[in-house]
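Worksheet for the structure shown next.
The model shown is predicted, which means the values in this text are computed figures rather than measured ones.
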Amino acid sequence: MMKRLMAVATGLVLVGGLVGCGDDKPESKAASDSITMGFAQVGAESGWRTANTKSVQEAAKTAGIELKFSDAQQKQENQIKSIRSFIQQKVDVIAFSPVVETGWDTVLMEAKRANIPVILTDRAVDSKDTTLYKSFLGSDFVVEGKKAGEWLVKQGDAADVNHDGSIKVVELQGTTGAAPAIDRKEGFEEAMKANPKIAIAASQTGDFTRDGGKKVMESFLKSQKDIDVVFAHNDDMGLGAIEAIEAAGLKPGKDVQIITIDAVKDGMTALADGKINYIVECNPLLGPQLMGLAKKVVAGEEVPARVLTEETVFDQAAAKTALSARQY
């Protein structure tokens, strides 16, 4: 009788142990299991970002992934709060587009300790510990800047709108500290070295917004004489610059040439109309690729540390051809 009681007690202890282990987050889930993703978006500062958000939301629905979405309104502290909330909610995977490059190690370590994998989208983080995230999905911003600069170099004297022997550029930068702002500037400046006539006369952040681009351009038109070229880190700031240039009685695309990055529909329309001269594409439709990565990561599969998006460039003729089928 005593032996029988001991066997029952041992069995209960084993069952209790199994129940206790079940409370811990599993290392990985089968591909067929439901997945919950926490996604911390930068904000809604541009047409590109709006298209990016829509792509993520629609792709999650198609993939059967439950999406917990937050809008940081371009503030890092809001993104950090959202990520911590996702950790508390025990989501299966976290994805986010960092507002700025630095200051993420602490919260990402918290996610790692909670055994929640992280995927970076669109923008990178500046961290020595690359184990804090599983993959980075997005564009090569340095290459985008180079493409913009290379086009300007190829224009040669045609870019000297004021015919004074120099090519005077004003730059509308993205959000200070953001990866695309840092990298696009670096790539552009590297490419423009091929023509010593090209010089950046003024550079200021427009925060990736149309209103910001307009205000900075208004300031440039007052402080700088004989501007030949505007290099805007995104379409929205370029579109804001167009408003300021037209208000000053000048013709954008002719009196002042404009180069932008993104290729959203409004930007492409301005390019087709000749108000923008050249656009380097930055594809916002990352949703399907992100959901594919998330499923693999949650299942414990190996994924590439860097996943690039396919992108092209547009002049006026190419914009006219592509515009009717543009999804964003």
Taking S97's backbone N and O only, do any of them form a donor-acceptor pair with Q79's side chain (distance below 3.5 Å, no angle check)? yes
So CG of L286 and OG1 of T53: to nearest 0.5 Å the spacing works out to 10.5 Å
Determine whether S85 and Q89 satisfy the following criterion, side-chain hydrogen bond (donor to acceptor under 3.5 Å, both in side chains), listing intermediate values before the conclusion. CA-CA 6 Å; S85 174; Q89 294 175 67; 2.8 Å; yes
Pairs under 3.5 angstrom only: tabulate donor-acceptor contacts from the side chains of residues 150-158 to other protein residues two or more places apart or in another chain.
| unit_1 | atom_1 | unit_2 | atom_2 | d |
| --- | --- | --- | --- | --- |
| Q155 | NE2 | W151 | O | 3.3 |
| D157 | OD1 | K197 | NZ | 3.1 |

Report yes if some heavy atom in the side chain of L290 is under 4.5 Å from a heavy atom in the side chain of M37; otherwise report no. yes
Tell me if a side-chain donor or acceptor on T106 pairs with a main-chain N or O of G103 at a distance below 3.5 Å. no
Minimal heavy-atom distance between F96 and V125, with the atoms involved, is CZ-CG1, 4.3 Å
Quick one: does T321's side chain have a donor or acceptor within less than 3.5 Å of a partner on A317's backbone? yes
Output the distance between atom OG1 (T121) and atom CG (N52), rounded to the nearest 0.5 Å. 6.0 Å
Can you list everything that forms a salt bridge (charged side-chain N to carboxylate O under 4.0 Å, His left out) with K320? Sequence neighbours excluded, please. none
In sequence, state the C-alpha distance, the side-chain angles, and the governing distance for L239 and E243, and then conclude on side chain to side chain contact (heavy atoms under 4.5 Å, CB included). CA-CA 7 Å; L239 292 164; E243 293 179 27; 5.6 Å; no
For side chain to side chain contact (heavy atoms under 4.5 Å, CB included), just list the numbers for D122 and R49, CA-CA rounded to whole Å, side-chain angles, deciding distance to a tenth of an Å, and then say yes or no. CA-CA 10 Å; D122 174 42; R49 190 63 56 190; 2.9 Å; yes
Less than 4.0 angstrom from a charged side-chain N to a carboxylate O is my criterion; do E190 and K146 meet it? yes
Is it true that, when you exclude K168 itself, more than 12 heavy atoms of the residues, nucleotides or ligands shown sit nearer than 6.0 Å to its NZ? yes
Within 6.0 angstrom of K81 NZ, more than 12 heavy atoms from elsewhere: no
Do the non-hydrogen side-chain atoms of V56 and M291 ever get within less than 4.5 Å of each other? yes
Contact summary for G267 and I279, nearest pair of heavy atoms: O-CD1, 3.4 Å
Hey, mind stepping through H233 and K185 against side chain to side chain contact (heavy atoms under 4.5 Å, CB included) and telling me if it holds? CA-CA 8 Å; H233 286 192; K185 182 176 181 64; 4.0 Å; yes
Would you please test T131 and K112 for side-chain hydrogen bond (donor to acceptor under 3.5 Å, both in side chains) and show each step? CA-CA 8 Å; T131 67; K112 184 178 179 179; 2.7 Å; yes
S82 side chain near F39 side chain, heavy-atom distance below 4.5 Å: no
Donor-acceptor contact present, side-chain Q76 to main-chain T102, <3.5 Å: yes
Would Q257 and D228 count as a side chain to side chain contact (heavy atoms under 4.5 Å, CB included) if you check the C-alpha gap in whole Å, the side-chain angles of each, and the deciding distance to 0.1 Å? CA-CA 6 Å; Q257 295 192 2; D228 294 299; over 6 Å; no
One should read off an interatomic distance between I259 CD1 and Y278 OH, to the nearest 0.5 angstrom, of 9.0 Å
K147 and E281, any side-chain heavy atoms less than 4.5 Å apart: no
Side chains of K295 and I35: closer than 4.5 Å at any heavy-atom pair? yes
Interatomic distance, CE@M237 vs CD@Q173, rounded to 0.5 Å, equals 8.0 Å
Looking at A148, is its backbone amide N or carbonyl O close enough to the side chain of R184 to form a donor-acceptor pair, meaning the two atoms are under 3.5 Å apart? no
Quiz: residues 302-309 side-chain donor-acceptor pairs under 3.5 angstrom, not counting sequence neighbours:
| unit_1 | atom_1 | unit_2 | atom_2 | d |
| --- | --- | --- | --- | --- |
| R306 | NH1 | G138 | O | 3.0 |
| R306 | NH2 | S139 | O | 2.7 |
| T309 | OG1 | S139 | OG | 3.3 |
| T309 | OG1 | E311 | OE2 | 3.0 |

V230 and I198: same hydrophobic cluster, using ILVMFWY side-chain contacts below 4.5 Å? no
N162 (side chain) donor-acceptor with D226 (main chain) under 3.5 angstrom: yes
L172, I200: one ILVMFWY side-chain cluster at the under-4.5 Å cut-off? no
Quick one: do W48 and L137 end up in the same hydrophobic cluster if we chain Ile, Leu, Val, Met, Phe, Trp and Tyr together by side-chain heavy atoms under 4.5 Å apart? no
Student check: side-chain heavy atoms of I80 and W104 closer than 4.5 Å: yes
Residue E310 excluded, over 12 heavy atoms near CD under 6.0 Å: no
In terms of the angle between their ring planes, are F231 and F188 parallel, tilted or perpendicular, with boundaries placed at 30° and 60°? parallel
Do the side chains of F314 and I261 join up, straight or via other hydrophobic residues, at under 4.5 Å, putting them in one cluster? no
Looking at E189 and M192, what are the two nearest heavy atoms and their distance? O-CG, 3.3 Å
Inter-residue atom distance Q57.CD - K61.NZ, 0.5 Å rounding: 10.5 Å
Judged by atom type as modelled, is there a donor-acceptor pair below 3.5 Å linking the side chain of D92 to the main-chain atoms of T36? yes
Okay, side chain of S46, backbone of T209: is any donor-acceptor separation there less than 3.5 Å? no
Test: R210 and D266 ion pair at under 4.0 Å: yes
Within the distance-only criterion (no hydrogens, no angle test), does the side chain of N78 pair as donor or acceptor with the backbone N or O of D71 below 3.5 angstrom? no
Provide the closest heavy-atom pair for A181 versus T175 in the form atom of the first, atom of the second, distance. CB-O, 3.4 Å
Kindly compute the distance separating CD (E110) from CG (D105), expressed to the nearest 0.5 Å. 11.0 Å
Minimum side-chain heavy-atom gap Y328-N283 below 4.5 Å: yes
Write down the atom of I83, the atom of V107, and the distance for their closest heavy-atom approach. CG2-CG2, 3.6 Å
Do you reckon V216 sits in the same ILVMFWY cluster as I276, going by side-chain contacts under 4.5 Å, direct or chained? yes
Steps toward side-chain hydrogen bond (donor to acceptor under 3.5 Å, both in side chains) verdict (T260, D235): CA-CA 5 Å; T260 68; D235 287 350; 2.6 Å; yes
Can you check whether F208's main-chain N or O pairs, donor with acceptor, with N234's side chain at less than 3.5 Å? yes
Does a side-chain heavy-atom distance below 4.5 Å link V42 with R123? yes
Where I227 and V256 come nearest, the two heavy atoms and their spacing: O-CG2, 3.9 Å
